[in-house]
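Values in this document were obtained by computation on a predicted structure and should not be read as measured data.
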Amino acid sequence: MQPDASATVISEVFHRAYERGDRPALVDLRGGHVYGYRRLVTDVTRAASGLVRGGARRDQVVAVHVSTAGAQTLAVHTVLAAGGVAAPIDPALGAEDMAAWLLACDARTLITTPDLAETARQAARGSRVRQVVSLGAALEAIDFRTLLTLEPIALPALDAAHQDALLLADGRRMSHAALLARMAELDRPVRLAESDVVLTTWRPDGGCDLLALVGLGMSKGALVVAAGDDLPGGIHDFAVTVVAGTDGSLQRVRGSAQGVAL
């Protein structure tokens, strides 16, 4: 993968999503969802429009506190498409520590999942968060699906080199260009192709690697399977060609249609 210096994460990940249609992009076994390319890009752009219509501003930090790869993918790309900076939060973080982090990064919006909504609400009360958005019905939260129903509005233009994409748990900021560079780094040893199936047991946390992995897979037209800890079972069930290792790298376990040598 050789990222274009002018490309943004959104343009690189979704540039052929409509063309790929209903082909599966991400199988989220923990969340129990299968996301097709067209569905993902449609939901991301509609929800991003809803955030902008609701007052989201360019470069505004939006915290993402979710428990599955599918929810993280949908939430973070929605924030990026709206011109915001996504701050992924480790779902294991307690409400008090989470509130302190929300204050430190001055987040005004928090996206969560129903299983984490109670912790999210508690943390929001101790911060400057004005709205909690849940990917599924949750008490005292805006249902993410509501964003999809709002009248569309133009999305902001993004600057790949200078605009931040992520605010990580260690305080580092990553521009769109930096996140694309991490995607390229992951791709170097495997050279993903459309025929590849990538299996990962990585979980959402306060870092960027799972986001980079899923983004890389979608940019290449591959299928990413986010599974539990049983790698042998997943490899057999999904005809996996590439696995994500515990060392943060990708390893090819089977050839692809490009004829990559093992």
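- Partners of F14 according to the ring-ring contact (aromatic ring centres under 6.0 Å, His included) rule, which considers only residues two or more places apart in sequence or in another chain, are H77.
- Side-chain atoms of S11 and T8 form a donor-acceptor pair, as typed in the model, at a separation below 3.5 Å.
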Step-by-step side chain to side chain contact (heavy atoms under 4.5 Å, CB included) determination, V85 to V79: CA-CA 7 Å; V85 180; V79 173; 5.7 Å; no
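- For the atom pair L110 CG and M98 CE, the distance stands at 4.5 Å (nearest 0.5 Å).
- A side-chain N or O of D28 and one of T68 form a donor-acceptor pair less than 3.5 Å apart.
- Under the 4.5 Å side-chain heavy-atom criterion for Ile, Leu, Val, Met, Phe, Trp and Tyr, V62 and V9 are members of the same hydrophobic cluster.
- Within 6.0 Å of the CZ atom in R57, the count of heavy atoms belonging to other residues, nucleotides or ligands does not exceed 12.
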Chi angles and distances behind the side chain to side chain contact (heavy atoms under 4.5 Å, CB included) call for V242, L192: CA-CA 8 Å; V242 173; L192 287 186; 3.8 Å; yes
Worked verdict on L148 versus D43 for side chain to side chain contact (heavy atoms under 4.5 Å, CB included): CA-CA 7 Å; L148 308 179; D43 285 358; 4.0 Å; yes
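- More than 12 non-hydrogen atoms from other residues, nucleotides or ligands lie less than 6.0 angstrom from CZ of R39.
- For the salt bridge (charged side-chain N to carboxylate O under 4.0 Å, His left out) test with D196, the passing option among R191, R252, R254 is R252; the others fail.
- Side-chain N/O atoms of E12 and S219 include no donor and acceptor closer than 3.5 Å.
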Output a table of donor-acceptor pairs, distance under 3.5 Å, between side-chain atoms of residues 205-215 and any protein atom two or more places apart or on a different chain; print 'none' if there are none.
{"from": "D205", "atom 1": "OD1", "to": "G207", "atom 2": "N", "distance (Å)": "2.8"}
{"from": "D209", "atom 1": "OD1", "to": "R182", "atom 2": "NE", "distance (Å)": "2.9"}
{"from": "D209", "atom 1": "OD1", "to": "R182", "atom 2": "NH2", "distance (Å)": "3.2"}
{"from": "D209", "atom 1": "OD2", "to": "R182", "atom 2": "NH2", "distance (Å)": "3.3"}

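- Counting non-hydrogen atoms of neighbouring residues, nucleotides and ligands closer than 6.0 angstrom, the CD atom of E140 exceeds 12 such neighbours.
- In this structure, the separation between CZ on R108 and CG on L102 is 11.5 Å, given to the nearest 0.5 Å.
- Using a 4.5 Å heavy-atom threshold, the side chains of Q122 and E96 count as separate.
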